[in-house]
Amino acid sequence: MANSAQAQKLVYLVTGGCGFLGEHVVRMLLQQEPRLRELRIFDLHLGPWLEELKTGPVQVTAIQGDVTQAHEVAAAMDGAHVVIHIAGLVDVFGRASPKTIHEVNVQGTQNVIEACVQTGTQFLVYTSSMEVVGPNIKGHPFYRGNEDTPYEAVHKHPYPCSKALAERLVLEANGRKVRGGLPLVTCALRPTGIYGEGHQIMRDFYHQGLRLGGRLFRAIPTSVEHGRVYVGNVAWMHVLVARELEQWAALMGGQVYFCYDKSPYKSYEDFNMEFLGPCGLRLVGARPLLPYWLLVLLATLNALLQWLLRPLLLYAPLLNPYTLAVANTTFTVSTNKAQRHFGYEPLFSWEDSRTRTIRWVQALESSAQ
Ligand SMILES: NC(=O)c1ccc[n+]([C@@H]2O[C@H](COP(=O)([O-])OP(=O)(O)OC[C@H]3O[C@@H](n4cnc5c(N)ncnc54)[C@H](O)[C@@H]3O)[C@@H](O)[C@H]2O)c1
Ligand SMILES: C[C@@H](CO)CCC[C@@H](C)[C@H]1CC[C@H]2[C@@H]3[C@H](O)C=C4C[C@@H](O)CC[C@]4(C)[C@H]3CC[C@]12C
């Protein structure tokens, strides 16, 4: 607990606070950060659930704004001590143009950094992604690697390119002088594939399974491991980093941390079945039902159709050459850097994470009836 001198004096700003991860971070901060005086939530789209938070002891300020607009970011940040920059355009399906992805993820992050300098906000936590490292376009496996594991990070897709550029900007900004003369302290968190309550892609797979008569069809070999981490633990890591950054600035400033917990190593599809199975879905096939070359062909056809139909409508299926490559390349992390640097231990066990996620999927089922 904070002592009384520390109590309720800090102002935090969370960008993207109304998204999947952002909402968990906002709720976690309100539960776990006793020094909070004001929590500002900055997002392009504000959620109605914010209203219920406004009755608590912490002042919750909702700010509708766009990270690509430097003046809006700077105005929101004035007087904040810490910024947790989560806002981003998460698009690997070709819904947004590469230019828009760059503007939001790279220019938006540059605007946040400049606003820190301009307003004197000294601590910046950035939500990066495992995709900053890989899987790379060559399909090299990253097997239980850590932050120092050598890996050839080569990107072509706009989303990982934008996250890699933005992460670099954040790390290079560490040590810049902010208004008042103190050094900016930054660090980046790299979640693997996040799952949990509110995960849109899990929702999509669940509905797809229901449409297919309670079945999903295996496309990826069981041997391909895909790193996953529970949203509550990712949120907890953000809260801890933000809290410890001041005390451990010399150690943590300019560092990157993978987000990890005790979630098991499995293929993307087998992992999803941990939740979808207890909700009545079945994964058909002990091995992929289609040969890989046929999946590549289907994914390429989808990309071609997307391009042809673009003037008429947006065709953005889950399967495209990029998502197939990511799902089909082993990428898992095994590290304790966050534990060593700022004492992180997962707040939710695997059993808790699983139960919470299953309950959420079950609630989707009953709300759909
Ligand atoms: N979901 C994952 O598996 C995953 C994994 C690793 C990293 N990440 C990163 O975590 C962050 C959050 O991802 P998420 O899954 O919660 O996505 P999300 O789409 O649910 O949330 C992103 C939020 O950012 C907001 N936003 C988008 N453009 C904005 C703009 N121009 N100005 C202000 N707000 C804007 C959106 O309205 C949304 O609320 C992203 O930066 C993403 O790159 C996500
Ligand atoms: C081939 C299909 C047969 O069922 C399965 C396709 C699954 C894909 C849609 C997803 C497989 C891996 C996912 C990505 C991964 O978990 C990590 C990510 C990093 C994050 O920063 C953004 C989301 C994502 C790119 C995530 C997106 C969906 C997958 C490609």
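First listed ligand is number 1; within each ligand, the first listed atom is number 1. As a basis for the values below, the full set of heavy atoms in this structure was taken, side chains included, without hydrogen atoms, waters or symmetry mates.
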S.K.: Of E197, H24, K262, which meets side chain to side chain donor-acceptor pair (under 3.5 Å) against Y230?
M.R.: E197
S.K.: Using a 4.0 Å heavy-atom threshold (strictly under), name the region of K163 that reaches ligand 1: side chain, backbone, both or neither.
M.R.: side chain
S.K.: Nearest to atom 21 (O) of ligand 1, what protein heavy atom do you find, and at what distance?
M.R.: G19 CA, 3.4 Å
S.K.: How long is the straight-line distance from CZ of F348 back to OG1 of T355, given to the nearest 0.5 Å?
M.R.: 11.5 Å
S.K.: Parallel, tilted or perpendicular, judged at 30° and 60°: which one describes the rings of F271 and F275?
M.R.: perpendicular
S.K.: Name each N or O atom in ligand 2 that is under 3.5 Å from a protein N or O, and give the partner atom and the distance.
M.R.:
residue: ligand 2; atom: 4 (O); partner: E269; partner atom: OE2; Å: 2.9
residue: ligand 2; atom: 16 (O); partner: H226; partner atom: NE2; Å: 2.7
residue: ligand 2; atom: 21 (O); partner: S129; partner atom: OG; Å: 2.7
residue: ligand 2; atom: 21 (O); partner: Y159; partner atom: OH; Å: 2.5

S.K.: Checking a contact table here: which protein heavy atom is nearest atom 16 (O) of ligand 1, and how many Å away?
M.R.: L21 N, 2.9 Å
S.K.: Heavy atoms only: which of V92, L46, V67 lies closest to atom 32 (N) of ligand 1?
M.R.: V67
S.K.: Is the shortest N/O to N/O distance between F20 and ligand 1 below 3.5 Å?
M.R.: yes
S.K.: Tell me the contacting part of N105 for ligand 1: side chain, backbone, both, or neither, using a 4.0 Å heavy-atom threshold, strictly below.
M.R.: neither
S.K.: Could you identify the single nearest non-hydrogen protein atom to atom 37 (O) of ligand 1 and state the distance to 0.1 Å?
M.R.: D43 OD1, 2.6 Å
S.K.: Does any donor atom in the side chain of Q208 or D204 lie under 3.5 Å from an acceptor atom in the other side chain?
M.R.: no
S.K.: Is any side-chain heavy atom of L347 less than 4.5 Å from a side-chain heavy atom of M28?
M.R.: yes
S.K.: Which ligand 1 atoms, with their elements, are less than 4.0 angstrom from a heavy-atom of A87?
M.R.: 24 (O), 34 (N), 35 (C)
S.K.: At a non-hydrogen distance cut-off of under 4.0 Å, which region of L44 contacts ligand 1 (side chain, backbone, both, or neither)?
M.R.: both
S.K.: Starting from atom 31 (N) of ligand 1, locate the nearest protein heavy atom and write down its residue, its atom name and how far away it is, to 0.1 Å.
M.R.: D66 OD1, 2.8 Å
S.K.: Is there a donor-acceptor contact under 3.5 Å linking the side chains of Y315 and N302?
M.R.: yes
S.K.: Near H45, which atoms of ligand 1 are under 4.0 Å from a heavy atom of that residue?
M.R.: 37 (O)
S.K.: Between R144 and E225, is there a salt bridge with N-O shorter than 4.0 Å?
M.R.: yes
S.K.: What atoms of ligand 1 come closer than 4.0 angstrom to any heavy atom of G65?
M.R.: 32 (N), 33 (C)
S.K.: Looking at ligand 1, is there an atom of it that comes within less than 4.0 Å of some heavy atom belonging to S128?
M.R.: yes
S.K.: Could you tell me whether E351 and R356 have a side-chain N and a carboxylate O separated by less than 4.0 Å?
M.R.: no
S.K.: Is the shortest side-chain N to carboxylate O distance from E152 to K138 below 4.0 Å?
M.R.: yes
S.K.: Side chain, backbone, both or neither: which part of Y159 has a heavy atom under 4.0 Å from ligand 1?
M.R.: side chain
S.K.: Within less than 4.0 angstrom of ligand 1, does I86 place any heavy atom?
M.R.: yes
S.K.: Would you say the side chains of Q255 and K337 form a donor-acceptor pair under 3.5 Å?
M.R.: yes
S.K.: Please identify which of these residues, E147, H341, Q339, R190, meets the side chain to side chain donor-acceptor pair (under 3.5 Å) condition with Y257.
M.R.: H341
S.K.: Taking the side chain as every heavy atom from C-beta outward, state whether Q118 and V178 have any pair of such atoms under 4.5 Å apart.
M.R.: no
S.K.: Taking atom 28 (N) of ligand 1 as the point of reference, which of V104, L89, V231 owns the nearest heavy atom?
M.R.: V104
S.K.: Provide, to 0.1 Å, the distance between atom 10 (O) of ligand 1 and the closest protein heavy atom, together with that atom's residue and name.
M.R.: T127 CG2, 3.3 Å
S.K.: Are D270 and R218 within salt-bridge range, i.e. N to O under 4.0 Å?
M.R.: yes
S.K.: Looking at ligand 1, does G198 have a heavy atom less than 4.0 Å from it?
M.R.: no
S.K.: Considering C18, P191, G47 one by one, which has a heavy atom nearer to atom 6 (C) of ligand 1 than any of the others?
M.R.: P191
S.K.: With distance as the sole criterion, is a donor-acceptor pair present between the side chains of T330 and H226 under 3.5 Å?
M.R.: no
S.K.: Among all the protein's non-hydrogen atoms, which is closest to atom 19 (O) of ligand 1, and how far away is it?
M.R.: V90 CG2, 4.4 Å
S.K.: Could E167 and K163 be called an ion pair, given the rule that one side-chain N must be under 4.0 Å from one carboxylate O?
M.R.: no
S.K.: Do the non-hydrogen side-chain atoms of V106 and L169 ever get within less than 4.5 Å of each other?
M.R.: yes
S.K.: Return the closest protein heavy atom for atom 44 (C) of ligand 1 as residue, atom name and distance.
M.R.: I194 CD1, 3.9 Å
S.K.: Answer yes or no for T192: is there a heavy-atom contact with ligand 1 below 4.0 Å?
M.R.: yes
S.K.: Other hydrophobic cluster members with V224, side-chain heavy atoms of Ile/Leu/Val/Met/Phe/Trp/Tyr under 4.5 Å, chained?
M.R.: I220, L290, Y292, W293, L294, L295, V296, L297, L298, L319, L324
S.K.: Considering only the protein, which heavy-atom contact is closest to atom 22 (C) of ligand 1, and what is its distance?
M.R.: G88 O, 3.6 Å
S.K.: So, K9 and E38, do they make that salt bridge, N to O below 4.0 Å?
M.R.: no
S.K.: Just to check, does G108 reach to within less than 4.0 Å of ligand 1 when the distance is taken from its heavy atoms?
M.R.: no
